[in-house]
Amino acid sequence: MNHANLDQLPSHAALQACSAKPFDLTAPGALGARRIKDYICSMAGFDLLYGTQRVDETVLDHLQKLADEAGAVKQFLAMKKGAVMNRIEGFESENRQVLHTATRDLFAAAPLAPEASAQAARELAKLERFLDELAGGAIVNSRGESFTAMVQVGIGGSDLGPRALYHALAAFRMSGRRVAFISNVDPDDAAGVLAELDLSRTLVNVVSKSGTTLETLTNEELVRQAYEAAGLDPRAHFVAVTGEGSPMDNPEQYLRSFYMYDYIGGRYSATSMVGGVMLGFALGYDGFVEILRGAHEADVAAEQRDIRKNIPLLMALIGIWNHNFLNSETLAVLPYSQGLVRFAAHLQQCDMESNGKSINRRGERLAYQTGPIIWGEPGTNGQHAFYQLIHQGTTVIPVEFIGFRRSQYDRDLAVKESTSQEKLLANLLAQSLALATGQQHDNPNRRFPGNRPNSVLMGERLTPRSMGALLALYENKIAMQGFLWNINSFDQEGVQLGKKLATRLLGHFTGYRTDAAYSGAQEDESGWAMLQAAGLPAD
Ligand code: G6Q
C-alpha cells in the first residue's frame, strides 16, 4: 500500500478551513438536548457521548472522508489479517506482523490470522491446565500448601497493561489470592514488595518477551536470591513468560514456561500470556477468558466503516481534530472509577510509545503533529488537584472521561439522599458540561472560558468483559491514529539511545570499582563529567 501523509489527504484542506470557526459550545442553546442525544456512538457495551466536542455535521462528514481516504478501517483489517505493518519502508526496522488481536480472535468461527490464533489457543490451554493444577492441589509448595500470592516481575509492556488490568479487576479476584508487581531496577521496589509477602506461598511470574531486559533480569536474580536465602527452591515457585527461543526460554529453570510471540508488541501484550498468567491466577481462567471475549467484541466492532458507529475510529478522528486542527498539545484521560487507577499510566505507554514519532512509514520527516502527551488520574480526586488548570488555565486540554453506571462492589450508601455512585457520576457529567459551556461572570476570576472539548465514555460496570473491551477500544484507537498520521505505531526506536548510554555509564562504575584512579574522561567526556557532577561513582 502506498500510504499518504495526513496533510496530503483531500479532506485535510476542508478540515483546515473548518478549523477557523469550530463549533462554539458556549453559544446560547449550543448544547441542547437534541445535540446531546444525537452525538452518542455505541458499541461493545460502551456509549461515547461526544456532544461536548467542537464538532458539527460538516466536520464529522469531513472526518468520515478523511478516514476513508486514509483507508483507516482497511488498514486495521489488514493488520488483523497479519500484514507486515511494523516496518519503515527502505530502512532497517522490526519488519513484523502486528497480531495482538489474534490473542482474542480465537473465539471467531474463522480467525483472521489462523496460525497466530492457534498459537494463542495453545498457550491458553496450557494456562488452563496450570490453573487447574493450582486450584486442584496438584501444584503446591514444599509444605503441601496452596499458593496465595503471585509477584509479577517485568517492566514496560510486561508490566503496565497487566498491572492496570489487575487493579481494574481486583474486585473479581478469587478469594485468598493477590498479586504484587516488581518492575523498577531501583532496589527499593523489590525490597518493599518482598517485605510484604510470605515467599513460601508466593509464585513468581517473570515476564520478558526478549528475555534480555536489564531491569527484569536483575530483579529476577534479586528475587531468586531472596528465595534461596529463605531456604526455598526457586524452581518450585518461578514461572516464566517469554519469547520462544529467548535467553529466558529455559523450561528447566521454571515450574512452567509460557510463550508470547514476536508479532505481539510489548505494550499490546496484556491479552497474551504476558497478562494472562497473572490475571488467570488472580481471577481464574474464566475471568481471563471474559477479558478476551470483551476485547474480541471490541475488535470486531472496530471494523465498522461508519465513524458514527465505531468508537475507536471516532475517538481517533476527534483526537486528530483537536490535536492537528485545533492545536491542543495534550490529552487527559480521566476515569471516574477507582479501579482504573493505573489505566492512564498504561495508556501513556501504549499511546506515547506507539505514536510519538516524527517520520512516516517511508522514513520521511512529517510536517504535522503526531501523538499527543497523554496523562490522567481518576476523578473525583483529580478535581481537587489539577482541574483548575483544565478549566481556567491558558492551555486547552481535551479530556476523555470514562465512567460506569454501576459500581464494582455494589457496596454503597446514601448520604444526604444520594449514593456515592450517584455523587461520582454527577461529578463526572458536571465536569463535562462545565468544560464545554463555561461560565460568564462580571468577576474575571470567576469566568470560565468554556469550549474545552471533551467526551464521556460510559459503560455499565467495570467487569472482566468490559475491561477487555475498554482495553481493545483504546489499543484500536491508537492504531487508527497511527494509520491516519501515516506512522509506524508498532516500533519504539526512541527508547534505544538512553539504554545504550546507560550501558556506557555503567561501564564507568565498573571501571572505578576495579581501579580507584580510573577516569572515563578520555573516551566519554560528557558522560564522565555528568557522573562526576552528580557525585558519582560514590565510594
Ligand atoms: C513495549 C516496549 C517495552 C517492553 C519492555 C519490556 O512495547 O517494547 O516497554 O515491553 O522494554 O521488554 P521485555 O518484555 O522484552 O522484557
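In listed order, ligands and their atoms are each counted from 1.
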Keeping to residues at least two apart or across chains, list the side chain to side chain donor-acceptor pair (under 3.5 Å) pairs with something in residues 237-248. T242-S246
Below the 3.5 angstrom mark, is there an N/O of G156, backbone or side chain, next to an N/O of ligand 1? no
Look only at interatomic distance and state if K499 has a nitrogen or oxygen under 3.5 Å from any nitrogen or oxygen of ligand 1. no
Salt-bridge contact K80-D105 (side-chain N to carboxylate O under 4.0 Å): no
Atoms of ligand 1 less than 4.0 Å from S208 heavy atoms? 13 (P), 14 (O), 15 (O), 16 (O)
Among all protein heavy atoms, pick the one closest to atom 5 (C) of ligand 1 and tell me residue, atom and distance. I155 O, 3.5 Å
For K81, look at atom NZ and say whether over 12 heavy atoms of other residues, nucleotides or ligands are found less than 6.0 Å away. no
Can you check atom 11 (O) of ligand 1: any protein non-hydrogen atom closer than 4.0 Å? no
Under a heavy-atom criterion of less than 4.0 Å, does Q349 contact ligand 1? yes
Evaluate the criterion ring-ring contact (aromatic ring centres under 6.0 Å, His included) for residue pair F404 and Y336; output intermediate values, then yes/no. CA-CA 8 Å; F404 297 91; Y336 277 62; over 10 Å; no
Shortest protein heavy-atom distance from atom 8 (O) of ligand 1, along with the residue and atom involved: Q492 CD, 3.6 Å
Where does the angle between the aromatic ring planes of F238 and Y227 fall among parallel (under 30°), tilted (30 to 60°) and perpendicular (over 60°)? perpendicular
Only one of N486, N5, N488 forms a side-chain hydrogen bond (donor to acceptor under 3.5 Å, both in side chains) with R361, so which one is it? N486
Atom 15 (O) of ligand 1: which protein heavy atom is closest, and how many Å away? S210 OG, 2.6 Å
Option nearest atom 14 (O) of ligand 1 (shortest heavy-atom distance, choices S183, S158, G211): S158
What protein heavy atom sits nearest atom 2 (C) of ligand 1, and how far away is it? E353 OE1, 3.3 Å
To the nearest 0.5 Å, what is the distance between CZ on F130 and CG on D132? 11.0 Å
What protein heavy atom sits nearest atom 4 (C) of ligand 1, and how far away is it? G157 N, 3.8 Å
Flag T216 as yes when one of its N or O atoms lies below 3.5 Å from any N or O atom of ligand 1, and as no otherwise. no
Given the options F181, F288, F281, F172, Y166 meets ring-ring contact (aromatic ring centres under 6.0 Å, His included) only with F181
